[in-house]
Peer 1: 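Provided herewith is a single structure, encoded as structure tokens, for subsequent inquiry.
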Amino acid sequence: MTDPVLSVERLSVDYRSGTERVHAVTDVSFTIPPGRVVGIVGETGCGKSTLAQAIPRLLPEPPAEIVSGHIVFRGTDLVAVPRRRLPLVRGTGIGMIFQEPLNSLNPALRVYDQVAEAVQIRHWRDIGLLPTFRGGSKPFDYSRRPLPETSAVLSRPITPGGAVAEKAQRRLTDRLDAREEVLRYLRLVRIQDPETVLDRYPHELSGGMRQRIMIAMALSERPSLLIADEPTSALDVTIQAQVLTLMKELIDEVQASILFISHDFGVIAEIADDLGVMYAGRLVEFGPVADVFRTPRHPYTRGLLRAVPERYKSDGPLEVIPGSVPHLARLPAGCSYHPRCPLAQDLCRVDPPPALRTVKGSAERAPHQSACHFAEEVGTTP
Amino acid sequence: MGRSLEDLAIFVGKRLLQLLPVLFGVIVLAFLITHVAAIDPCPRWYPKAGHATIMHCEAQFSRPVPVQFYDYFTQLLSGNWGTSQSGDPVLPHILAGVPATLELVLASLFLMIVIGIPLGVLGAAYAGRWADHLVRIFYLSGWATPTFVGAILVVYYLAPTLGLPTSGVYSAAPPFPERTHMSVVDALLAGNLPYTVDALKHLVLPAAVLAFINMGIATRMTRASMLEVLPLDFVRAARMKGLSNFVVLYKHALRNALITTTTVLGVTAGGLLAGTVVIEEIFQWPGIGAYAYVSLGATGVPNFDGAIAVVVVFALGVVLANLVADILYGILDPRVEWR
Ligand SMILES: Nc1ncnc2c1ncn2[C@@H]1O[C@H](COP(=O)(O)OP(=O)(O)O)[C@@H](O)[C@H]1O
Ligand code: SF4
Ligand SMILES: [Mg+2]
């Protein structure tokens, strides 16, 4: 089996504020194999963004603190990488799309300058003008894959292919035509009329447009791993659907390894291969999307799925999980979910269940994991 | 409305027009303070003058105030700004002093920008750590230093150590005409390199003291607005491109933080001009500050014609500085539309 692009091992992240410690991420482990899309769902405040930003070590430390665990990206533990070398990992190594498109472009710079910067970094790293991150494992093949210009969906292919394409490719390596390259990526994210968009400032563009530009910017560095932190949540519904469709097409096209974070099961169902469910800073369930949807192995997942409208469940009225999310600085003893859990036993109140264990009877190659004492019973009990 | 050059021109024109009532108000105020609020002004104005002069002066003062002001104001407009203590007209002093002061103020503004702003960035980047504390100690000590103490310490301790001059603009009378009254510019215009270096040597200490004392505002504002900008998503997005910390700080974050800092720098113009009064006197800088020092009576008899002129020029300086700051603000922030 190929090495995973990313393997997060027993990661715990706290925020320290005053004397309080907010356990935003606790004992989280999962892996992302090459070319696979891993979705993470959970309610607002359960630590999704903290997890997303902890991976490329983007969290301000302090107040954030990686308490324990490893973030092994392409064979290198990022937790051990010195701070000043972190920029090498970002961009071409790990790219990111943020939740708030309105805030994630620099308001003082034109679109061109911002995308060109990304294109330029990729180029300079390719030709060795800038130092590049060399993981323990050899550079992941995504970066060596043909540029997306060969994609059929591109409205205007730049090179017809064959010898000409090869020549164009070589020219690109020698001297970058940044403008053409930027335009190419704007077209890739289906921006109509990219030439005029180039000269615009972010405030002159709609939210959907800005998010497309963010996506273009992240993709233009051709990262080995792309992290998308609720990329559609802040957009209104129609735009959300458009951007989602775009992302789905692009994911097929670029075949990147992706960590896709959302609070919306529907979105994850459409995009992810594997699904992780977070509750109160912990990953409580992880497995192939279809398995998790069909037979949830954690009462929380089951509760969430029942709270999802029509399309994703068979019948019964819409349910809401009773109780509220615990404060991450004052987690209950035992299983953090026990005050809300319909299956809770005495054991749950005192004995915290182990971090994810493979559920009995799940496929060995695609294990279905749960952090519930009674994972095996969840599917059957109403 | 928009951001074209034409819009900018209209904006500047309107602002300049708005400036006129402000200036008029300043003149009225300065006039009232010197001519109406002053008790028994004539013997003070002319302590050594004969009886006839005093009588004439008092006759002038017994006229109704609006008449006095009308008289004064029409004279001002016609270019008669009154006479200095020495008996020569005020206006030439002002015209020669303004460029010299401008040179000094611009030089210290330059130092404030190239030293004060990076220090603010440093303080924000290492907020709460020792680098931040050092920066704070530095700018607070500048802030807390009375101008004359700072200037005197520099003249007596720093200048001899560095071997820098502390008086005047050149070491010897220049062999070229002082056309602009800006020492460095004049020497450059004359193509005289030794004099240019000499002028810079004379400029550096007064400018440094002035900058040191006013730097705190630039540093503090930069630090504060950087701290506001740094947690924003676009700074994180810039980091996630793989940009170095330096580029993230100076290209992405500072570019936005400066929008606030510029406005505040415009406000420091008042502080800088106030500082020139003492600094120019101590460093014998032939600017308007030194002239203000003399006119306000610090060395003996006050001269109210000179004082009003200085007040008006300082007011003009502050207002223009704010206009420049507003223009820079609009240039830095693409969301601003000129109105
Ligand atoms: N800078 C911070 N300092 C202290 N607590 C924080 C900080 N950022 C986030 N948190 C807390 O960490 C928890 C997880 O936040 P976050 O990762 O943003 O959740 P999500 O993305 O799932 O909504 C929340 O309870 C939030 O209050
Ligand atoms: S461990 Fe107990 S309380 Fe926790 S989810 Fe499972 S059954 Fe519920
Ligand atoms: Mg979030």
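In what follows, chains carry the letters A, B, and so on, assigned in the order in which the sequence lines appear, proteins first and then strands, with residues in each chain numbered from 1.
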Peer 1: Are any of the side-chain heavy atoms of A:Leu105 and B:Phe234 separated by less than 4.5 Å?
Peer 2: no
Peer 1: Less than 4.5 Å apart, side chain to side chain, heavy atoms only: is that true for B:Arg236 and A:Phe98?
Peer 2: yes
Peer 1: Is it true that atom CZ of A:Arg57 has more than 12 heavy atoms of other residues, nucleotides or ligands lying nearer than 6.0 Å?
Peer 2: yes
Peer 1: Going by heavy atoms in the side chains, are A:Ile94 and B:Met240 under 4.5 Å from each other?
Peer 2: yes
Peer 1: For B:Val247, which atoms come within 4.5 Å of any heavy atom of chain A: side chain, backbone, both, or neither?
Peer 2: side chain
Peer 1: Quick check: closest heavy atoms across A:Ser104 and B:Ala237, and the distance to 0.1 Å?
Peer 2: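 Of all heavy-atom pairs spanning A:Ser104 and B:Ala237, the closest is O-CB, 3.4 Å.
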Peer 1: Could you tell me which of B:Ile259, B:Asn245, B:Leu243 has the largest number of non-hydrogen atom pairs under 4.5 Å with chain A?
Peer 2: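 Of B:Ile259, B:Asn245, B:Leu243, B:Leu243 has the most heavy-atom pairs under 4.5 Å with chain A.
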Peer 1: Could you look at B:Leu332 and say if it's the side chain, the backbone, both or neither that has a heavy atom under 4.5 Å from chain A?
Peer 2: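 It is the backbone, since no side chain atom gets that close.
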Peer 1: I'd like to check A:Leu109 versus B:His252 (side-chain heavy atoms, cut-off strictly below 4.5 Å). Are they in contact?
Peer 2: yes
Peer 1: Under a 4.5 Å heavy-atom cutoff, which of A:Glu117, A:Glu221, A:Met96, A:Met214 has the most pairs with chain B?
Peer 2: A:Glu117
Peer 1: Under the 3.5 angstrom rule, does the side chain of B:Lys241 hit a backbone N or O of A:Gln114 as a donor-acceptor pair?
Peer 2: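 Yes: the side chain of B:Lys241 pairs with the backbone of A:Gln114.
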Peer 1: If you count heavy atoms of other groups shown closer than 6.0 angstrom to CG of B:Leu20, is the number above 12?
Peer 2: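 Counting neighbours around CG of B:Leu20, more than 12 heavy atoms of other residues, nucleotides or ligands fall under 6.0 Å, so yes.
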Peer 1: Could you tell me the separation between the CD1 atom of A:Ile121 and the OG atom of B:Ser244, rounded to the nearest 0.5 Å?
Peer 2: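 The OG atom of B:Ser244 is 8.5 Å from CD1 of A:Ile121, to the nearest 0.5 Å.
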Peer 1: Crowded around B:Tyr250 OH? As in, over 12 foreign heavy atoms under 6.0 Å?
Peer 2: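 Correct, the count exceeds 12.
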Peer 1: Is it the side chain or the backbone of B:Asp333 that comes within 4.5 Å of chain A heavy atoms, both, or neither?
Peer 2: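 Neither the backbone nor the side chain of B:Asp333 comes within 4.5 Å of chain A.
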Peer 1: Considering only heavy atoms and a distance below 4.5 Å, find which of A:Gly93, A:Pro107, A:Pro87, A:Pro202 pairs most often with chain B.
Peer 2: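 Maximum pair count with chain B is reached by A:Pro107.
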Peer 1: Identify which part of A:Pro56 has an atom lying under 4.5 Å from any heavy atom of chain B, answering side chain, backbone, both or neither.
Peer 2: side chain
